[in-house]
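A, B, ... follow the sequence lines: proteins, then strands. Residue 1 opens every chain. Just so you know, these numbers use all the heavy atoms, side chains as well, and skip hydrogens, waters and symmetry mates.
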Number of protein chains: 2
Amino acid sequence: MTPRSTERSSYHHGGLRQAVLAAALEVIAAEGPGALSLRDLARRAGVSHAAPAHHFGDRTGLLTAIAAQGFELLADTLAGGTTLADRGRRYVRFAAGHPAHFQVMFAPALLRADDPDLAAARERAGAELRAGVAAPPGRDARATGIAAWSLAHGFATLYLTHNVDDAVGGVPPEEYFDGLTGFLTDPRD
Amino acid sequence: MTPRSTERSSYHHGGLRQAVLAAALEVIAAEGPGALSLRDLARRAGVSHAAPAHHFGDRTGLLTAIAAQGFELLADTLAGGTTLADRGRRYVRFAAGHPAHFQVMFAPALLRADDPDLAAARERAGAELRAGVAAPPGRDARATGIAAWSLAHGFATLYLTHNVDDAVGGVPPEEYFDGLTGFLTDPRD
DNA sequence: GGCGCAGTCTTGTCAGTGGCTAGATTCGCG
DNA sequence: CGCGAATCTAGCCACTGACAAGACTGCGCC
């Protein structure tokens with residue numbers, strides 16, 4: 001009754017929302033968000049060109065849904081983390097494993113900024129990000145968190161944009177990142 | 001003979017390439033690269049819709065030209081730097097001062113990867129980036145450079161995407177970044 | 001069981017866009 | 001002065017996003 005594939009006999013698709021999201025992630029990962037075409041996604045799902053609009057409103061709505069899903073996934077990924085270094089590693093692995101989500105999450109021009117689902121998901125991820133950041137003596141905890149976030153986010157971005165391919169080689173990026181974590185001052189002094 | 005403004009009496013514009021580039025930067029800074037419309041840029045410059053194509057080939061060509069210009073500007077900005085921290089500060093200031101360039105430079109999906117001008121400009125900026133990175137004892141110089149680059153790039157990105165607005169407040173971002181530089185281990189041990 | 005309603009999908013349409021081709025105009029250089 | 005090359009125009013086509021109006025169907029409620 002609920003044909004999740006592109007094959008479909010009934011009038012209703014049954015899993016259109018999921019199908020469109022999945023197809024969108026493929027396209028974005030391969031060619032970037034600019035290459036997204038709602039009509040193409042509709043064709044891939046085997047529905048008419050206007051069907052996706054019902055679920056997402058418009059193009060911005062679709063990207064906003066993807067971003068919200070991304071922040072949820074990121075929050076889940078970070079939730080199990082122990083140390084600050086471990087959270088950084090998880091952050092990088094998330095970016096490498098979900099490049100499409102990651103791109104869209106940090107492209108505010110593509111998103112509906114006032115979407116409540118997006119705001120909630122972002123807040124949840126932000127809380128996980130800040131959780132358990134112990135400030136080194138004499139250091140502001142918030143600054144410590146931002147330095148760590150910057151390091152992880154910057155490396156992830158540079159990795160995804162192929163700016164550190166030479167250095168990283170075939171090594172999994174989160175593993176290479178472990179070696180970078182050591183550059184942050186540890187709270188030993 | 002060379003009316004650089006949108007007003008134009010002669011058949012030839014005279015400064016179309018510059019005019020289109022400038023208009024494009026405005027649009028990108030305000031609404032992101034996705035909002036770029038070659039036809040809109042042509043209208044702003046007061047020329048026919050196909051005129052820009054002669055200078056840039058296509059949309060990708062225009063963005064590639066912007067990215068190349070951005071890497072040139074970045075190289076110039078970094079060239080005067082002294083310490084690693086100072087280069088980081090300059091990197092952040094460049095991103096904050098040229099948000100449109102910065103966005104496009106690190107959006108490989110939008111660029112013609114094999115463009116020789118882009119490759120040359122990127123290489124020049126890369127050389128400035130690597131120049132004078134002294135490795136702390138026992139550290140790989142390349143890893144040191146990547147850590148510093150990641151920190152600066154990550155902070156710049158988070159700043160431009162409004163993810164650290166609360167913490168930074170009204171402070172110039174490169175100034176706030178100075179406080180973050182201290183988290184990188186200095187080569188004193 | 002059947003009925004209505006809300007959710008889902010379709011068809012049709014319109015303006016805007018990118019990119020192509022053919023041609024007009026003008027600049028620069030010999 | 002003249003000619004080739006650079007620049008710009010005009011017209012066209014396929015495609016896209018968004019909207020409106022209508023068809024289909026599953027689900028809950030009586």
Novice: CD of Glu31(A) versus P of dT16(D): gap in Å, rounded?
Specialist: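 Computing the Glu31(A):CD to dT16(D):P distance gives 12 Å.
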Novice: Rounded to whole Å, please give me the gap between CZ in Arg112(B) and P in dG19(C).
Specialist: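 To the nearest whole Å, that distance equals 9 Å.
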Novice: With sequence neighbours left out, what residues match Arg59(B) under side chain to side chain donor-acceptor pair (under 3.5 Å)?
Specialist: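 Partners of Arg59(B) under the side chain to side chain donor-acceptor pair (under 3.5 Å) test: none.
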Novice: May I have the distance from Leu63(A) (atom CG) to dT16(D) (atom C1'), rounded to whole angstrom?
Specialist: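 Taking atom C1' of dT16(D) as the reference, CG of Leu63(A) is at 15 Å.
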Novice: Rounded to the nearest 0.5 Å, how far does OG1 of Thr157(A) lie from CD of Gln103(A)?
Specialist: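 Answer rounded to 0.5 Å: 10.0 Å.
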Novice: If I take atom CG in residue Asp40(B) and atom C1' in nucleotide dA15(C), what distance separates them, rounded to the nearest angstrom?
Specialist: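 Taking CG of Asp40(B) and C1' of dA15(C), I get 15 Å after rounding.
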Novice: If only side-chain N and O atoms of His54(A) are considered, is one of them under 4.0 Å from the OP1 or OP2 phosphate oxygen of dC9(C)?
Specialist: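 Negative; the distance criterion is not met.
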Novice: Go through the structure and list residues passing side chain to side chain donor-acceptor pair (under 3.5 Å) with Asp58(B), not counting sequence neighbours.
Specialist: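 Asp58(B) satisfies side chain to side chain donor-acceptor pair (under 3.5 Å) with Arg112(B) once adjacent residues are dropped.
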Novice: Round to the nearest Å and state the distance from Arg17(B) atom CZ to dT7(D) atom C1'.
Specialist: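 Those two atoms, CZ and C1', are 14 Å apart.
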Novice: Specify the separation, in whole Å, of atom CD of Gln18(B) and atom C1' of dT7(D).
Specialist: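 Computing the Gln18(B):CD to dT7(D):C1' distance gives 16 Å.
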Novice: Among the nucleotides dG18(C), dT17(C), dT9(D), which one has an atom lying closest to any side-chain atom of Arg43(B)?
Specialist: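 Side chain of Arg43(B) sits closest to dT17(C).
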Novice: In whole angstrom, give the distance that lies between atom CG of Leu41(B) and atom P of dG16(C).
Specialist: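 The answer, rounded to whole Å, is 16 Å.
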Novice: At 4.0 Å (heavy atoms only), tell me whether Ala51(A) reaches a base, stays on the sugar-phosphate, or touches nothing.
Specialist: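 Base: the residue Ala51(A), judged by heavy atoms under 4.0 Å, touches a nucleobase.
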Novice: The criterion is salt bridge (charged side-chain N to carboxylate O under 4.0 Å, His left out); which residues satisfy it with Arg130(A), sequence neighbours excluded?
Specialist: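 Per chain and number, Arg130(A) pairs via salt bridge (charged side-chain N to carboxylate O under 4.0 Å, His left out) with Glu123(A).
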Novice: Among residues 55-62 of chain B, which residues get a heavy atom nearer than 4.0 Å to DNA chain C?
Specialist: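 Only Asp58(B), Arg59(B) qualify.
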Novice: Could you give all pairs that pass the side chain to side chain donor-acceptor pair (under 3.5 Å) test and reach residues 26-38 of chain A, with sequence neighbours left out?
Specialist: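 Applying side chain to side chain donor-acceptor pair (under 3.5 Å) to every pair that reaches into residues 26-38 of chain A, excluding sequence neighbours, yields nothing.
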Novice: So, are Arg124(B) and Asp76(B) salt-bridged, with charged N and O less than 4.0 Å apart?
Specialist: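 Counted as a salt bridge, because a side-chain N and a carboxylate O are separated by less than 4.0 Å.
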Novice: Given that His49(B) and Leu16(A) both sit by DNA chain C, which one's nearest nucleotide is further toward the 5' end?
Specialist: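 Here Leu16(A) is the residue nearer the 5' end.
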Novice: Expressed in angstrom and rounded to an integer, what is the separation of Arg39(B) atom CZ from dC15(D) atom C1'?
Specialist: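 Spelled out: CZ on Arg39(B) to C1' on dC15(D) is 12 Å.
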Novice: Can you list everything that forms a side chain to side chain donor-acceptor pair (under 3.5 Å) with Glu128(A)? Sequence neighbours excluded, please.
Specialist: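 Counting only residues at least two positions away or on another chain, Glu128(A) forms no side chain to side chain donor-acceptor pair (under 3.5 Å).
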Novice: Phosphate oxygens OP1/OP2 of dC8(D): is one of them under 4.0 Å from a side-chain N or O of Ser48(B)?
Specialist: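 Indeed not, no polar side-chain atom of Ser48(B) lies that close.
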Novice: State whether Ser37(A) places a side-chain N or O below 4.0 Å from either non-bridging phosphate oxygen (OP1 or OP2) of dC15(D).
Specialist: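 Negative; the distance criterion is not met.
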